[in-house]
2 protein chains.
Amino acid sequence: MKKPSAEKDSDEYRQRRERNNLAVKKSRMRSKQKAQDTQQRVNELKEENERLEAKIKLLSKELSVLKDLFLEHAHNLADNVPPSGTGADGASPATGVNGHGQ
Amino acid sequence: MKKPSAEKDSDEYRQRRERNNLAVKKSRMRSKQKAQDTQQRVNELKEENERLEAKIKLLSKELSVLKDLFLEHAHNLADNVPPSGTGADGASPATGVNGHGQ
DNA sequence: AATAATTGCGCAATTG
DNA sequence: GCAATTGCGCAATTAT
């Protein structure tokens with residue numbers, strides 16, 4: 001079961017083989033390249049992820065600061081503390097301080 | 001240059017071959033598996049990314065709302081508008097300046 | 001029908 | 001010495 005040595009021993013057989021070998025090489029190159037690209041993609045996405053997480057952390061921080069300011073303000077109102085030296089009478093019925101969210 | 005038919009025509013040669021073939025198969029399986037895993041990783045990271053972006057969008061929105069509130073407050077002070085009836089709620093910027101971005 | 005691409009498989013060389 | 005990895009070619013199958 002080696003080869004029907006006849007027919008395709010040389011000639012256009014060899015030629016087909018050669019072409020195929022070439023195609024094979026090409027195909028495998030692509031395949032490898034793709035794998036590398038995918039790996040690369042992973043790295044990029046990881047970086048992107050870290051950036052986003054950092055941004056989230058930052059925004060969260062900012063938010064919490066602002067919210068705290070609001071709370072403080074609310075407390076001041078509740079404690080009947082006027083914003084400035086203005087002697088406007090402060091008859092502000094204290095309202096509930098909304099809690100933190102989320 | 002076919003084969004040094006002597007020595008290694010059968011026997012332990014065949015055995016070595018067999019083992020190697022096995023090893024080759026194994027190795028290639030792993031390789032493929034790894035590639036798939038990497039691809040999978042990409043997908044996961046993409047999802048994660050979208051989640052993070054969404055979160056960022058949300059936080060940004062919240063922040064801009066709060067900031068607008070502050071601005072409004074500041075303007076009120078500047079315009080000497082004393083704190084009027086304090087609503088019991090604090091989550092509806094239904095008044096004043098709208099549409100600041102970023 | 002013809003050609004290119006992809007895939008499983010085995011060999012041999014190399015590496016660890 | 002041995003398993004793992006790698007480049008290479010063959011042949012079957014699939015896609016164009």
Side-chain angles (χ1 to χ4, degrees), chain A residues 1-65 67 100-102, chain B residues 1-67 99-102:
Chain A
M1 266 283 191
K2 284 294 174 170
K3 280 187 256 172
S5 290
E7 273 210 271
K8 318 292 187 121
D9 208 0
S10 299
D11 199 4
E12 64 134 329
Y13 163 71
R14 203 60 245 166
Q15 204 146 2
R16 269 187 291 122
R17 283 307 323 139
E18 188 116 16
R19 281 181 211 230
N20 180 247
N21 289 342
L22 202 63
V24 165
K25 238 192 284 183
K26 192 170 160 189
S27 175
R28 284 175 177 153
M29 282 248 299
R30 283 189 185 183
S31 177
K32 271 178 204 169
Q33 183 61 48
K34 216 185 60 179
Q36 279 186 316
D37 290 357
T38 307
Q39 183 57 55
Q40 180 62 28
R41 189 95 178 86
V42 165
N43 296 334
E44 290 170 2
L45 286 174
K46 271 192 194 165
E47 279 184 43
E48 180 78 355
N49 254 20
E50 282 173 28
R51 254 195 18 184
L52 296 181
E53 302 245 32
K55 187 160 187 175
I56 286 179
K57 190 168 283 185
L58 182 69
L59 290 178
S60 296
K61 188 89 178 182
E62 279 187 58
L63 252 182
S64 89
V65 167
K67 283 186 177 171
H100 294 290
Q102 199 173 306
Chain B
M1 268 283 188
K2 287 290 174 172
K3 278 187 263 173
S5 291
E7 271 213 88
K8 319 291 186 126
D9 209 0
S10 302
D11 191 349
E12 63 134 328
Y13 163 72
R14 205 59 246 165
Q15 204 146 2
R16 268 187 292 123
R17 284 307 324 139
E18 188 116 15
R19 271 190 237 154
N20 179 247
N21 289 340
L22 201 64
V24 166
K25 237 191 288 184
K26 192 169 160 190
S27 176
R28 283 173 177 156
M29 282 246 298
R30 282 190 188 178
S31 176
K32 272 177 202 166
Q33 184 60 48
K34 217 183 60 179
Q36 278 187 317
D37 290 356
T38 307
Q39 183 57 54
Q40 180 60 31
R41 188 93 178 88
V42 166
N43 295 335
E44 291 170 0
L45 285 174
K46 270 192 194 165
E47 278 184 43
E48 179 78 355
N49 253 19
E50 282 173 30
R51 272 203 351 229
L52 296 180
E53 303 244 32
K55 187 158 187 176
I56 286 178
K57 191 169 283 186
L58 182 69
L59 290 178
S60 297
K61 189 88 175 181
E62 278 188 58
L63 252 182
S64 89
V65 167
L66 284 194
K67 283 183 179 172
H100 283 299
Q102 234 282 79

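Each chain gets a letter, A, B and so on, in the order the sequences are listed, and its residues count up from 1.
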Distance, rounded to the nearest Å, where [X] contributes [atom1] and [N] contributes [atom2]:
X: A/L22; N: C/dA4; atom1: CG; atom2: C1'; answer: 11 Å
X: B/N21; N: D/dA3; atom1: CG; atom2: P; answer: 13 Å
X: A/K25; N: C/dA4; atom1: NZ; atom2: P; answer: 16 Å
X: A/Q15; N: D/dC10; atom1: CD; atom2: C1'; answer: 17 Å
X: A/E18; N: D/dG9; atom1: CD; atom2: C1'; answer: 11 Å
X: B/R17; N: C/dC9; atom1: CZ; atom2: P; answer: 14 Å
X: B/M29; N: D/dT6; atom1: CE; atom2: C1'; answer: 18 Å
X: A/E12; N: C/dT3; atom1: CD; atom2: P; answer: 8 Å

Can you tell me if A/T38 uses its side chain to pair, donor with acceptor, with the backbone of A/K34 under 3.5 Å? yes

Under the 3.5 angstrom rule, does the side chain of B/S60 hit a backbone N or O of B/I56 as a donor-acceptor pair? yes

Side chain proximity check, A/L22 to A/K26, heavy atoms < 4.5 angstrom: no

So does [X] get a side-chain nitrogen or oxygen closer than 4.0 Å to the phosphate oxygens (OP1/OP2) of [N]?
X: B/K26; N: D/dA4; value: yes
X: B/S27; N: D/dA4; value: no
X: A/Y13; N: D/dA11; value: yes
X: A/K32; N: D/dG7; value: yes
X: B/R19; N: D/dA3; value: yes

Under the 3.5 Å rule, do the base of [N] and the side chain of [X] count as making a donor-acceptor pair?
X: A/R28; N: D/dG9; result: yes
X: A/R30; N: C/dA5; result: no
X: A/N20; N: C/dA4; result: no
X: B/R14; N: C/dG10; result: no

Test B/N21 against every option in B/K25, B/R17, B/R19, B/E18 by the side chain to side chain donor-acceptor pair (under 3.5 Å) rule and name the one that passes.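 For B/N21, the side chain to side chain donor-acceptor pair (under 3.5 Å) test succeeds with only one of B/K25, B/R17, B/R19, B/E18, which is B/R17.
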
Could you walk me through whether A/E62 and B/K67 pass the salt bridge (charged side-chain N to carboxylate O under 4.0 Å, His left out) test, one step at a time? CA-CA 10 Å; A/E62 279 187 58; B/K67 283 183 179 172; 3.5 Å; yes

Watson-Crick or G-U wobble partner for D/dG1, using a 3.5 Å limit on both distances?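 Matched D/dG1 with nothing under the 3.5 Å cut-off.
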
